[in-house]
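So the structure is just underneath, and the comments pick up after that.
Atoms within each ligand, like the ligands themselves, are counted from 1 in listed order.
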Amino acid sequence: MTAPAEPTRPGRGQLRRPDSAALAEAAAILRAGGLVAFPTETVYGLGADATDDRAVAGIFAAKERPRFNPVIVHFHDPAAAERAVVFEGQARALAERFWPGPLSLVLPRDPGCRISLLCSAGLDSLAVRVPGHGVARALLEVAARPLAAPSANRAGALSPTTAAHVAAALGDRVPLILDGGPCPVGIESTVLDLTGEGPILLRPGGLSAEAIEAVIGPLARAQAAGGTQDLAGSGAPKSPGLQGSHYAPRLPLRLEARSARPHEALLAFGPDPPRGAAATANLSPRGDLVEAAAQLFAALHRLDRPELRAIAVMPIPETGLGLAINDRLRRAAAPRDGEGA
Ligand code: TXA
Ligand code: MG
C-alpha cells in the first residue's frame, strides 16, 4: 500500500516536541492562515498570523470567545514591535529593560500598522510583546511574521501552562501543539496601558508592578479584579483614561436592516444584499461567519463616511462567531451619551 500524504501531516491537536521539523511545520500552518499552540514563558498561546484577518478570526472561533477581546501580538524583534505602534519614551525604556519578557505594552496603533484590526477589537490601540521563551522565539523567527496569541484556553477558562492543558481544552481545534514543557512563569504577562496621560496597569502579571515602577515611576491601577476582560467596548471602562479609545463608527448603526436607503451605507452579509445603499461592504457573500468576523472592523472603518447618515446592518446569525459579531455591533449601535449600558 502506498502511504497517502495524510499520516505525515499533524493530526488534530497533535503534541510535538519543538524540534526543527515541528517548527517548520508549525510555521507552514501559520503562513497558511492556521492555528498553532505554543509555549511562552508565561502561559501557552494560541497563535495565528497577526497580519491575516481570517487567521485571527480563527482564534476567536476556536476559543469560543463570546465577544471580541483585543489580542496581544507577539514579535521576535523589538524593532518590529516598535514599528507597529507609536513607541515613545516610557515604552522604549521598558522595552530596553524587560524585553524579551512577560510584559505587554498597550500603545496607539501606528497609522501604517499592518496588523489585523481584529487584534485591536475595534480599539485604536494594540498590545505588543516580545516573549522570552526559546520555543516562542524560534517559532516567531521561522514563521517570520508577528503572531496574535491569546492564552490557549477556551473563553472564561484558566490559562494553560502545559501542552496537556492545551490538548484537553482545544485539542480538537488546533492542528499542532508545540510541547515545550511547563511554562516557567506560569501566569500571564503584565499588561500596561501607555496610551493615556499616565501608565495604567491593566493586568498584573508575570512582571511585577514594582519592577515597572522602578523604571518609569508610579502606575495607576485599573480597578476591579478579572483583568481587562471587559475592556473592549464594554461600556464600563475600568479606567476613565480608557474611555476615549473605544472605537465606534461615527455614523449611527441601524441593525437588522433588510433594505438600504440612499443616504445609508450597508454592512451586508450573505449572497443577496439589498440594493440602493450609497456604499456597501459585504462581510461574507457566502455567509461564512469566520470570514465575516475577519472583515468586520475593516468594513466598519470603510463605511463610516462623513457624507452618509447611517450604517444599515443586515441580520447576522446568532451562532458561532455571529455571537461576537452581534455583540460588537450592538455595542456600536448603543446610545452614545454617557458611558451607560
Ligand atoms: O502572557 C500572556 O500575555 C499570554 C501569552 C500567550 O502571551 N497571552 C494572554 O492573552 O494572556 P489573552 O488574550 O488571554 O489576554 C490578553 C489581555 C486581555 O485581558 C485583553 O483584554 C488585554 O490583554 N488586551 C490586549 N490588547 C489590548 C488593548 N489593545 N487594550 C487593552 N487591553 C488589551
Ligand atoms: Mg486569556
Looking just at side-chain N and O atoms, do [X] and [Y] make a donor-acceptor pair shorter than 3.5 Å?
X	Y	result
Ser189	Arg203	yes
Arg275	Ser259	no
Ser159	Glu188	yes

If you measure from each heavy atom of Ser125 to ligand 1, is any distance below 4.0 Å? yes
Looking only at heavy atoms of Arg65, does any of them come nearer than 4.0 Å to an atom of ligand 1? yes
Going by an N to O cut-off under 4.0 Å, is there a salt bridge joining Arg109 and Asp124? no
May I ask you to check whether Asn153 brings an N, O or S atom to under 2.8 Å from the Mg ion (ligand 2)? no
Residue selection (non-hydrogen contact nearest atom 30 (N) of ligand 1) among Asn153, Val106, Asp193: Val106
Among Leu107, Thr195, Val191, closest by any non-hydrogen atom to atom 23 (O) of ligand 1: Val191
By number and element, which atoms of ligand 1 are closer than 4.0 Å to a non-hydrogen atom of [X]?
X	value
Arg129	1 (O), 5 (C), 7 (O)
Ala149	6 (C), 8 (N), 10 (O)
Leu202	31 (C), 32 (N)
Ser151	8 (N), 9 (C), 10 (O), 12 (P), 14 (O)

With a 4.5 Å heavy-atom cut-off, do Arg254 and Glu264 have their side chains touching? yes
